[in-house]
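A short write-up of the structure that comes next.
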Protein chains: 2
Amino acid sequence: MLLRNPLNTEDCRAVSEILQRVGDKWTVLVVGKLGQGPLRFNELRAAVGGISQKMLTTTLRGLERDGFVTRTVFPTIPPRVDYELTELGHELLIPVSALGEWARVNTTRVRAAREKFDATHA
Amino acid sequence: MLLRNPLNTEDCRAVSEILQRVGDKWTVLVVGKLGQGPLRFNELRAAVGGISQKMLTTTLRGLERDGFVTRTVFPTIPPRVDYELTELGHELLIPVSALGEWARVNTTRVRAAREKFDATHA
DNA sequence: CGGGATCCTACGGGATACTG
DNA sequence: CAGTATCCCGTAGGATCCCG
């Protein structure tokens with residue numbers, strides 16, 4: 001990974017934009033689950049856990065719109081809908097996983113800082 | 001970068017958490033600007049551009065609490081306060097920049113998918 | 001089964017005015 | 001200069017009900 005000299009303003013805007021896109025409550029959870037293979041609506045809902053069906057629908061529509069996920073309808077009775085990551089979705093998962101690794105490694109440092117701050121600013 | 005096999009649920013939660021932390025409207029903009037060296041409150045505000053002083057304060061407090069930023073007060077008149085990235089803050093900037101690079105490279109693909117989706121679902 | 005339509009609440013975030 | 005305090009609004013997101 002080649003890092004260009006400090007992020008300029010336009011880049012920061014782009015980062016901020018994609019982070020807000022991906023930084024909502026459910027998106028990465030959904031993408032993470034789909035990273036392991038296609039899932040049906042309710043399978044996905046169970047896999048994620050705790051998500052309302054409204055938010056799952058909203059999240060999936062957004063991901064579909066941005067080209068991260070495909071939606072395949074089987075016109076059977078009862079209906080069956082599969083969701084699957086696109087190539088773009090899989091590629092997104094790479095830097096996101098990297099950030100995830102960072103999060104996993106540094107959670108304790110952040111938590112320590114937080115407790116220290118809360119203690120002194122009580 | 002060593003990628004572990006697909007993110008498990010706890011990892012996804014961690015990612016989601018840090019993404020929500022960093023995925024608000026201003027955090028990465030602020031961190032990005034501070035990445036190039038310490039800045040005073042109003043310098044930072046001008047550098048970021050468009051941020052209200054309430055949100056700058058809120059954002060900085062959060063970053064300070066999590067150990068990403070230090071706050072140094074010079075008890076002069078008028079007062080002077082410097083904000084500077086900590087080591088942890090600089091380390092955070094690495095995976096965030098990677099995601100930024102991804103965003104920069106793939107914006108067109110996302111925009112294309114979005115326009116296509118909007119066209120067909122009109 | 002996989003949603004759409006509504007209603008409701010919490011909170012992010014802007015504008016403005018005041019202060020040490 | 002670097003904030004704090006208020007007020008206000010839009011939206012994210014949960015709960016519930018209904019439908020093909």
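So that the names make sense, note that chain A is the first sequence line, chain B the second, and so on, each numbered from 1.
- Looking only at distances, a side-chain donor or acceptor of B:Thr86 sits under 3.5 Å from a matching main-chain atom of B:Gly89.
- For the pair A:Glu91 and B:Arg109, the salt-bridge criterion is met [side-chain N within less than 4.0 Å of a carboxylate O].
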Full working for side chain to side chain contact (heavy atoms under 4.5 Å, CB included) between A:Leu92 and A:Phe68: CA-CA 8 Å; A:Leu92 172 64; A:Phe68 296 129; 3.9 Å; yes
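- Using a 4.0 Å cutoff on non-hydrogen atoms, the parts of residues 54-82 of chain A near DNA chain D are A:Lys54, A:Met55, A:Pro79, ordered by number.
- Residue A:Ile51 contributes atom CD1, which lies 14 Å from atom P of D:dA12 at whole-angstrom precision.
- For the pair B:Tyr83 OH and D:dA2 P, the computed distance is 8 Å after rounding to whole Å.
- Atom CD in B:Gln20 sits roughly 19 Å away from atom P in D:dT11 (whole-Å rounding).
- In the helix from C:dC1-D:dG20 to C:dG20-D:dC1, the rotation axis of the first five pairs and that of the last five pairs differ in direction by 40°, rounded to 10 degrees.
- Taking each heavy atom of A:Arg61 and B:Phe117 in turn, the nearest pair found is O-CZ, 4.4 Å.
- Of the two residues contacting DNA chain D, namely B:Phe41 and A:Lys25, the nearest-nucleotide position lying further toward the 5' end is that of B:Phe41.
- Considering only side-chain N and O atoms, A:Arg40 lies nowhere under 4.0 angstrom from the phosphate OP1 or OP2 of C:dC1.
- For B:Arg21 and C:dG12, the CZ to P distance is 11 Å, given to the nearest whole Å.
- Computed from coordinates, the B:Gln53 CD to D:dC7 C1' distance equals 14 Å when rounded to whole Å.
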Let me check something: any side-chain donor-acceptor pairs from residues 40-56 of chain A under 3.5 Å, sequence neighbours excluded? List them with distances.
unit_1	atom_1	unit_2	atom_2	d
A:Glu43	OE1	A:Arg40	N	2.9
A:Arg45	NE	A:Ile51	O	3.0
A:Ser52	OG	A:Met55	N	3.2

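- Distance alone, capped at 3.5 Å, places no donor-acceptor pair between the B:Arg21 side chain and the B:Thr27 backbone.
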